[in-house]
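Data block below; observations after.
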Amino acid sequence: MHLLLVASAFNSLTQRVHAELRDHGHSVAVELVRHADCLREAVRRHAPELVVAPILKTAIPQDVWSAQTCLVVHPGPIGDRGPSSLDWAIHEDAAEWGVTVLQAEAEMDAGDVWASVVCAVPPVAKSDLYHNEVADAALAAVLLAVQRFAGGTYVPWRQPGAGEAGTTVRTRPYLKQTDRRIDWASESTETVLRKLRAADSQPGVLDELLGAEWYLHGGHPEDALRGRPGTLLATRAGAVCRATTDGAVWIPEVRPRRVPGQPATFKLPAVQALGDLLPPLPEHPAPLLDDPAGRTWSDIRYREDGQVGVLSFSFPGGAMSTDQCRRLLAAYREACSRPTSVLVLGGGRDFFSNGIHLNVIEAADDPGGESWANINAIDDLVEAVLTTTDRLVVSAVGGNAAAGGVMLALAADEVWCRSGAVLNPHYRLMGLYGSEYWTYTLPRRVGSEAAERLTREALPVSANAALRLGLVDRVVESTPQGFVREVGRLAAQLAALPATPTRVREKKAELDRQESVKPLAAFREKELALMRRTFFDPDAPYHALRRAFVRKEAPPGTPPHLNPPASASRAAPSGRRTGRVTGTAAADGAPAQGPC
């Protein structure tokens, strides 16, 4: 079928729906809409057989939904209605939730049900839940609804109205900051964590701290530090530790409240954002070796089981600053000193990595200089992985990855990707040529032609499409919670294989051969020469694109790369290993589709 995705943003869920619908043979157009007229024009222009809205803040007008079947993805179970569904689920400590695909009608979230899938609600942040359990449920529900619509015989289930006998309809309002407010003097660690998790990554919890108003983002429990409730106790890896009535929590990021008339603010590591306001506090680094009995937080952990070492890391939003890259490199080198034959890099349940930290760069006194420091720091990390010759390295990509984060994964000997992950192996949407040795690793895996297409088209790739392309070596079919366990099992099998020592010897010989033909340093030198030119050119598009991204400015219209020419957009993508999963991109100079 020819489908139209209408969305407020090309966010992680929209990207996954887009990629996987194309995997299933559908042609898919995308329009980012900001008002009803824009939506009307999109439907008129694309003439779709079905409209699907993965995330949409604009109400679909009656003249559209009465003439065209429009399916809306609601991140809540049947009967749940309102704009803050996931926030309320976490805020009220729900153990189970769901996603419903319903037909658009006059009353929001009240249309006929085409599909509904239940999901678990583990104790994680809202953004993590949305990228994982909710995204898995949403994708399953969308695919089922599209299949039912294509069959032509399915009659969607009518939702009961509020007040009807036996109904469980619950319409809840937007979750306001007054509901999210933390009473540090009376609330427990678990209550504080629940409020922080329900607001991450947006809108954050508005709070007073050190005489100013800040939005707090993220929260992790601390099991040892104690103090007067509300006071700051320590710092760690850019985060601050704040006391509760029965313990403390680590807060990784904060964002200043916007001043009227001033530019939008953005999240930064808490220590950096608080700056000179922060009183002298002890730095409490966490031990690298994982302590299963403890609850203290660390963004980098190492654990060992026999011949398998696992170096896991989890940075907010998947962004990796200069400091984070350097700390991860130090941890990687320490992990390589251990007597293991297989080293797993990653293995967490949320973002693997999205490359350099654009927020930290934007906040720097010299963004060009910080960009340069950051790209060199991540290049150093990738180089260390590429030149590890005494063991096999596996990248375990449990969550989404983009740009330099994808290239970091590709530096390993094998890439294992959870079935729900989405990869964006490109840079050009940020006006960058890219580095992280991508000109070596990407063609090595998928071939020069496919590498050129992936970086030019700049479209998301599903895990299964990545497997067909050769971008990843294994798709791990598991729940988000089960990914770590399954990766550990597979890594133990790999370490036990009789062929593994031979593979280790062969990889060293192959690196020696590569160095004699074209040293890795030559790839890095060429990439960095182009990156440096961009970073230190004040007129380079990168700077404006970075500012817009960091401040979450909506694009003036649907980016042209999302909609190929009409002749190509109707053609279903090939399922062959050539990887023509993402269609043909429009030219870079194509005009945007109006101010929608």
Side-chain angles (χ1 to χ4, degrees), residues 9 11-12 84 86-91 123-132 134 174-184 187 189-210 212-222 230 232-244 248-259 263-275 277-278 297-299 313-321 323-324 348-351 353-354 357-363 399-400 549-552:
N11 71 340
S12 61
S84 300
L86 283 185
D87 305 61
W88 281 111
I90 299 171
H91 192 77
V124 297
K126 179 179 65 173
S127 57
D128 187 341
L129 179 67
Y130 183 78
H131 299 145
N132 288 288
V134 169
Y174 177 76
L175 189 58
K176 300 177 182 178
Q177 287 294 338
T178 51
D179 301 307
R180 303 181 190 271
R181 187 180 69 84
I182 296 172
D183 185 348
W184 294 95
E187 292 181 334
T189 297
E190 290 305 315
T191 300
V192 170
L193 284 174
R194 196 161 58 245
K195 290 184 175 182
L196 290 170
R197 287 168 175 163
D200 189 63
S201 63
Q202 290 294 331
V205 174
L206 184 62
D207 196 22
E208 292 185 8
L209 182 61
L210 303 177
E213 290 187 303
W214 305 85
Y215 291 94
L216 312 182
H217 293 272
H220 306 276
E222 163 59 33
L232 296 178
L233 305 176
T235 61
R236 173 180 296 160
V240 293
C241 186
R242 196 170 186 185
T244 64
V249 296
W250 290 98
I251 302 169
E253 295 183 316
V254 302
R255 172 172 59 93
R257 188 173 191 176
R258 183 176 186 175
V259 177
T265 60
F266 50 91
K267 293 178 286 185
L268 284 171
V271 171
Q272 179 181 354
L274 294 171
L277 295 176
L278 199 65
W297 162 82
S298 179
D299 54 3
F313 55 95
S314 180
F315 303 126
M320 298 171 64
S321 68
D323 174 70
Q324 288 165 329
R349 49 165 287 133
D350 201 8
F351 288 111
S353 169
N354 286 324
H357 202 312
L358 298 177
N359 287 33
V360 170
I361 290 169
E362 180 66 15
N400 298 346
F549 175 84
V550 165
R551 290 178 168 80
K552 302 187 184 301

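Please read these numbers as outputs of a predicted model, since none were measured by experiment.
- Annotation: side chain to side chain contact (heavy atoms under 4.5 Å, CB included) contacts of Tyr174 (sequence neighbours excluded): Pro83, Ser84, Lys176, Pro203.
- Scored by the side-chain hydrogen bond (donor to acceptor under 3.5 Å, both in side chains) test, Trp250 finds Glu222 as partners (sequence neighbours excluded).
- With sequence neighbours excluded, no residue forms a salt bridge (Lys or Arg N to Asp or Glu O under 4.0 Å) with Arg255.
- With sequence neighbours left out, Ser12 forms a side chain to side chain contact (heavy atoms under 4.5 Å, CB included) with Tyr130, His131, Asn400.
- Ala243 is linked by a side chain to side chain contact (heavy atoms under 4.5 Å, CB included) to Thr231, Leu233, counting only residues two or more places apart in sequence or in another chain.
- Contacts of Phe313 classified as ring-ring contact (aromatic ring centres under 6.0 Å, His included), with partners at least two apart in sequence or in another chain: Phe315, Phe352.
- Residues passing the salt bridge (Lys or Arg N to Asp or Glu O under 4.0 Å) test with Glu187 are Lys195, sequence neighbours excluded.
- Applying the side-chain hydrogen bond (donor to acceptor under 3.5 Å, both in side chains) criterion to Thr189, with sequence neighbours excluded, gives Thr244, Asp246.
- For Trp184, there are no ring-ring contact (aromatic ring centres under 6.0 Å, His included) partners two or more places apart in sequence or in a different chain.
- Residues satisfying the side chain to side chain contact (heavy atoms under 4.5 Å, CB included) test with Pro263, not counting sequence neighbours, are Arg551.
- In this structure Arg349 satisfies the salt bridge (Lys or Arg N to Asp or Glu O under 4.0 Å) test together with Asp128, Glu133, sequence neighbours excluded.
- Qualifying salt bridge (Lys or Arg N to Asp or Glu O under 4.0 Å) partners for Arg257, counting only residues two or more places apart in sequence or in other chains: Glu213.
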